[in-house]
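Each remark here refers to the structure printed beneath this line.
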Amino acid sequence: MIRMGVIGYGYWGPPVARNFHSLDECELAVISDRRPDALRRAKQAYPSVQVALDPADVMSSPHVDAVAVVTPVWTHYELAKAALANGKHVFVEKPFTSTAAQAKELIDLADRKHLQIMVDHTFLFTGAVKKIRQLIQDGTLGSLYYYDSMRVNLGLFQHDVNVIWDLAPHDLSIIGDLIPDKPEYVTASGQSHLNGLENLAYITIYFENRVIAHVNVNWLSPVKVRTTLIGGEKKMLVWNDLDPDEKIKVYDKGVAITKPEGVYDLLVSYRSGDMWAPRLEQTEALAAEARYFVECVLKNQKPFNDGLAGLRVVEILEAANQSLKDRGRPIEL
Ligand SMILES: NC(=O)c1ccc[n+]([C@@H]2O[C@H](COP(=O)([O-])OP(=O)(O)OC[C@H]3O[C@@H](n4cnc5c(N)ncnc54)[C@H](O)[C@@H]3O)[C@@H](O)[C@H]2O)c1
């Protein structure tokens, strides 16, 4: 049994609290938020759970084994550091920290104290990403060529981070999980039109072996789009996360280049075969992730979405931000 404290009960805190609360091997011990109205909502949902205005009460409580940090990104480092320093395991929201240096410090602290860090890269626990991971690992797609994602909608404008820090962590965590090749450099361009923070951006990541990833993020789109194309040597797929029934379609399409003897021009042949939509697991991603966190803590085992996975996302975010400021200059990773 682990006893969980949740810090931050705004938009994402409630589903985090609900999922930890629903687990047999976990007790939701305390919820903390700086805002009294948030604590009133928490008390209504969980009358027997303790609430605290000051997160320090959670950190110092002998009745808490692990802390979920579900507050804005600029607060993650201080709160996670205090939790680790007090001997608590940490489940922290994406993006892990505001800087790579902060992430490294937290990883080091957790290692020294033999504590676990899990970064909430929720998408990695969805049926869609699990299926794509399987299609890559079992060789169905063949060697990867590209990952191309469009994650756009109207709002919600953030006041503390630009659109890269808000929307790109999802794709960067998925890319880090799916693409085994080493990322080499990043370029990014974008523009701010309203509040000084970039509201649209185009990020390109170049990997070894000529794998390339592109992520288009935008808060100023008239329609919501969550579509990713993944191209492999053998097959290609389209993942439309907004499609309720057939989120993933795998196409048996491809191109073969041949250079027959005696012919100087390359011959390009196109293959256009069947399309199929695989069945996906339907469980709530956050439920699977919360269960996995508790399991990792109880077994004293490092999760695959650990602090290092969080650090890799933050490093690319930092590099993309740098490139954006330098009008698309390639930044080495
Ligand atoms: N994994 C996902 O899919 C996903 C989805 C949404 C948000 N998030 C992440 O969750 C985090 C929170 O986002 P949100 O949309 O819930 O924000 P929010 O602003 O709606 O809620 C944050 C809450 O934290 C409280 N808070 C802030 N600083 C605090 C402190 N020092 N101590 C105690 N409480 C404090 C605020 O009062 C607020 O109620 C962000 O890091 C965001 O990126 C992740």
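This chain uses plain numbering: 1 for the first residue, then up along the sequence. Every number for a ligand or one of its atoms is a count from 1 in the order of the listing. Owing to the predicted nature of the structure, the values given are computational and were not obtained by experimental measurement.
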Going by the atom numbers of ligand 1, which of them fall below 4.0 Å from some non-hydrogen atom of [X]?
{"X": "Asp120", "value": "1 (N)"}
{"X": "Pro55", "value": "32 (N)"}
{"X": "Arg35", "value": "37 (O)"}
{"X": "Glu93", "value": "1 (N), 4 (C), 8 (N), 9 (C), 10 (O), 11 (C), 41 (O), 44 (C)"}

Give a yes or no on whether atom 41 (O) of ligand 1 lies under 4.0 Å from any heavy atom of the protein.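 Under 4.0 Å from atom 41 (O) of ligand 1, at least one protein heavy atom found.
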Sub-4.0 Å protein heavy atom near atom 16 (O) of ligand 1: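 Answer yes: something from the protein, a heavy atom, is under 4.0 Å.
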For Glu78, is the nearest heavy atom under 4.0 Å from an atom of ligand 1?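 Per 4.0 Å heavy-atom rule, Glu78 does not contact ligand 1.
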Taking the non-hydrogen atoms of His76, is any one of them nearer than 4.0 angstrom to ligand 1?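 In this structure, His76 qualifies as a contact of ligand 1 - some heavy atom is under 4.0 Å.
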Among all protein non-hydrogen atoms, which one is nearest to [atom], and what is the separation to 0.1 Å?
{"atom": "atom 21 (O) of ligand 1", "answer": "Gly10 CA, 3.3 Å"}
{"atom": "atom 27 (C) of ligand 1", "answer": "Pro72 CD, 3.6 Å"}
{"atom": "atom 1 (N) of ligand 1", "answer": "Thr122 OG1, 2.7 Å"}
{"atom": "atom 26 (N) of ligand 1", "answer": "Thr71 CG2, 3.6 Å"}

Side chain to side chain donor-acceptor pair (under 3.5 Å) for Ser149 and Asp171? Distances and angles first, verdict last. CA-CA 7 Å; Ser149 165; Asp171 286 294; 2.9 Å; yes
Any nitrogen or oxygen of Tyr11, side chain or backbone, less than 3.5 Å from one on ligand 1?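 Yes, there is a polar N/O contact under 3.5 Å.
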Is there a polar contact between ligand 1 and Ser32, counting only N or O atoms under 3.5 Å apart?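 No; every N/O pair is 3.5 Å or more apart.
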State whether a side-chain donor-acceptor pair under 3.5 Å links Trp239 with Asp241.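 Yes, Asp241 and Trp239 have a side-chain donor paired with an acceptor closer than 3.5 Å.
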Under-4.0 Å salt bridge between [X] and [Y]:
{"X": "Arg210", "Y": "Glu184", "answer": "no"}
{"X": "Arg312", "Y": "Asp177", "answer": "no"}
{"X": "Arg112", "Y": "Asp108", "answer": "yes"}
{"X": "Asp33", "Y": "Arg35", "answer": "no"}
{"X": "Arg3", "Y": "Asp65", "answer": "yes"}
{"X": "Lys325", "Y": "Glu198", "answer": "yes"}

Nearest 0.5 Å, what's the OG-CD distance between Ser98 and Glu78?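 Ser98 OG to Glu78 CD: 10.0 Å, rounded to 0.5 Å.
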Just to be sure I'm reading this right: ignoring hydrogens, which of [options] gets closest to [atom]? Compare them by their nearest heavy atoms.
{"atom": "atom 2 (C) of ligand 1", "options": "Tyr9, Trp165, Trp12", "answer": "Trp12"}
{"atom": "atom 3 (O) of ligand 1", "options": "Lys94, His170, Arg41, Arg34", "answer": "His170"}
{"atom": "atom 23 (C) of ligand 1", "options": "Val92, Leu39, Ile31, Asp33", "answer": "Asp33"}
{"atom": "atom 12 (C) of ligand 1", "options": "Val58, Val70, Ile7, Asp37", "answer": "Val70"}

Worked check of side chain to side chain donor-acceptor pair (under 3.5 Å) between Asn199 and Trp219: CA-CA 5 Å; Asn199 48 269; Trp219 284 327; over 6 Å; no
Less than 6.0 angstrom separating the ring centers of Tyr77 and Phe96, yes or no?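 No, ring centres 6.0 Å or more apart.
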